[in-house]
Amino acid sequence: MNVKPEGWAWAGRLAAFAGLFIGFGLVLGFAVAVIAGLPDADASLAIDLRSVAPVLLAACAATWLLAVGIDRRPLSALGLRGGSPGLAELGSGVLAGLAIVGAAILALAAPGWVSWSASAAPVLTGVKVSALLLAAAFTEELLFRGYPFRVLHVRFGPVPAVVATSVAFGLMHGANPGVTPLALVNLTLAGVLLGVAYWRSGSLWFVTGLHFGWNWVMAASGLPVSGLDVSISGLEAAVTGPVLWTGGAFGPEGALSITFVTALGTVWLWRVAGSRSRAGSRLSTTAGSPGADGSLDARG
């Protein structure tokens with residue numbers, strides 16, 4: 001099969017992004033370990049600054065170097081608008097995430113499959129973990145719905161971009177504690193929901209807020225987040241319903257209930273995110289223009 005060299009430039013950009021991310025991550029991870037005095041890792045700790053900061057900074061550096069330094073496009077081409085518009089998009093995304101997963105949790109509480117008891121919880125700990133959840137959500141969105149999604153979108157179109165990044169997003173969680181085949185399916189579907197929201201809204205801030213709100217409401221309800229014990233409130237959840245519907249130790253993302261809610265949420269976001277997208281912010285569905293080699297093309 002004869003393929004023009006320029007037809008594979010998109011693959012080179014994705015490889016460059018992955019290489020830069022891994023390289024920066026290793027260097028920054030080592031630096032953080034040295035600064036922290038090489039403390040022993042706490043295996044029970046799901047998320048902390050030492051694990052999140054290097055990955056976040058590496059994702060930011062790789063994105064900036066390729067989007068701004070190589071492709072010569074502003075970060076707004078990825079949907080990272082500054083000022084009050086960006087904050088508004090982030091906030092509306094948080095509300096959407098709270099609504100979607102909150103509906104799933106209420107559906108579990110209605111038949112008594114999940115109940116709660118109160119306990120003391122340090123406020124500062126909740127604030128700290130919430131900030132880390134936001135940083136983790138932004139990191140994952142940079143890695144899956146940021147530059148890589150945009151390269152695939154411009155080269156192949158929106159549907160292949162959504163499918164490819166969603167599968168990768170689901171597989172990334174394959175090593176999480178207690179993961180099940182249904183959980184992997186649900187996380188892949190969550191990737192579809194996030195990809196559709198990004199495609200239709202054109203805002204990486206909106207999708208970051210959506211991702212954060214999704215995780216935060218589970219953590220605030222005392223439920224596991226993708227199999228991880230992330231507590232940010234004084235609520236302790238007791239799960240007694242069938243694992244197929246509650247997700248058991250993995251949390252709601254391992255449950256059939258979240259499958260239906262994610263599907264409905266994707267349809268809802270298709271309409272809502274598309275209608276709220278301001279002129280010029282929705283990602284272009286044209287993949288064969290001057291940017292067909294995979295470079296950023298903000299004109300869509």
Side-chain angles (χ1 to χ4, degrees), residues 46-47 51-52 93-111 113-116 129-130 132-141 143-145 162-163 165-198 207-233 235-269:
I47 216 172
S51 62
V52 172
V94 172
L95 293 177
L98 293 176
I100 292 171
V101 181
I105 294 174
L106 288 175
L108 297 178
W113 291 344
V114 179
S115 58
W116 290 272
V129 177
S130 295
L132 290 172
L133 285 174
L134 178 58
F138 184 49
T139 300
E140 292 186 10
E141 293 313 308
L143 293 177
F144 294 100
R145 258 73 56 180
V162 169
V163 171
T165 55
S166 299
V167 170
F169 181 75
L171 292 176
M172 181 195 70
H173 296 84
N176 283 31
V179 69
T180 64
L182 179 57
L184 289 178
V185 169
N186 283 338
L187 288 165
T188 301
L189 291 176
V192 172
L193 179 146
L194 292 163
V196 166
Y198 181 44
V207 183
T208 296
L210 176 62
H211 192 155
F212 168 69
W214 175 294
N215 288 340
W216 188 89
V217 71
M218 284 188 289
S221 299
L223 296 168
V225 180
S226 301
L228 302 175
D229 183 12
V230 182
S231 179
I232 64 173
S233 72
L235 292 178
E236 293 185 4
V239 180
T240 57
V243 173
L244 180 63
W245 290 99
T246 64
F250 192 81
E253 289 167 319
L256 199 58
S257 55
I258 208 75
T259 309
F260 294 108
V261 170
T262 302
L264 293 173
T266 301
V267 175
W268 176 57
L269 286 171

Heavy atoms of Leu98 and Gly213 approach each other most closely as CD2-O, 3.6 Å

Here the gap from Thr246 atom OG1 to Leu223 atom CG, rounded to the nearest 0.5 Å, amounts to 9.0 Å

Point to revise | Between Ser221 and Trp116, a side-chain donor and acceptor under 3.5 Å | key: no

Determine, step by step, whether Ile100 and Val217 satisfy the side chain to side chain contact (heavy atoms under 4.5 Å, CB included) criterion, reporting the C-alpha distance in whole Å, the side-chain angles of both residues, the deciding distance to 0.1 Å, and the verdict. CA-CA 10 Å; Ile100 292 171; Val217 71; over 6 Å; no

All heavy atoms of Pro224 vs all of Pro252, minimum pair found to be O-CD, 3.8 Å

_Is the distance from the ring center of Phe144 to that of His211 below 6.0 Å?_
no

Heavy atoms of Ala96 and Leu269 approach each other most closely as CB-CD2, 4.3 Å

One should read off an interatomic distance between Phe169 CZ and Arg145 CZ, to the nearest 0.5 angstrom, of 5.0 Å

| query | Any idea how Trp113 and Trp245 line up, ring-wise: parallel (<30°), tilted (30 to 60°), or perpendicular (>60°)? | reply | tilted

Q) If we only count heavy atoms from C-beta on, is the Tyr198 to Leu210 side-chain gap below 4.5 Å? A) no

So CG of Leu184 and CE of Met172: to nearest 0.5 Å the spacing works out to 11.0 Å

Discussion item. For Leu134 and Thr208: C-alpha separation, side-chain torsions, deciding distance, then whether side chain to side chain contact (heavy atoms under 4.5 Å, CB included) applies.
Written reply: CA-CA 8 Å; Leu134 178 58; Thr208 296; 4.2 Å; yes

Give a yes or no answer on whether the side chain of Asn176 reaches the backbone of Gly227 with a donor-acceptor pair at less than 3.5 Å. no

*Contact check, side chains of Leu182 and Leu244, non-hydrogen atoms, under 4.5 Å*: yes

Item to complete: For the pair Val230 and Val129, evaluate side chain to side chain contact (heavy atoms under 4.5 Å, CB included) and give the outcome as yes or no after the intermediate values.
Response: CA-CA 8 Å; Val230 182; Val129 177; 3.4 Å; yes

Interatomic distance, NE2@His173 vs CG@Asn186, rounded to 0.5 Å, equals 12.0 Å

Here the gap from Leu193 atom CG to Thr188 atom OG1, rounded to the nearest 0.5 Å, amounts to 12.5 Å

Note to self: For Phe212 and Trp216, take the angle between the two ring planes, folded into 0 to 90°, and tell me which bin it lands in: parallel under 30, tilted 30 to 60, perpendicular over 60.
What the structure shows: tilted

Margin query: Between Thr240 and Ser115, is the side chain to side chain contact (heavy atoms under 4.5 Å, CB included) condition met? List the steps.
Written below: CA-CA 8 Å; Thr240 57; Ser115 58; 5.7 Å; no

Shortest non-hydrogen pair, Glu141 vs Leu194, comes out as OE2-CD1, 3.7 Å

Inset, instruction - Please examine the side chains of Val179 and Glu253, heavy atoms only from C-beta on, and report whether any two atoms are closer than 4.5 Å. - result: no

d(Leu143 CG, Thr165 OG1) to nearest 0.5 Å is 11.5 Å

Here the pair of heavy atoms bringing Val162 nearest to Ser166 is O-OG, 2.5 Å

Scanning both residues in full, the closest heavy-atom pair of Ala197 with Val207 reads C-CG2, 4.0 Å

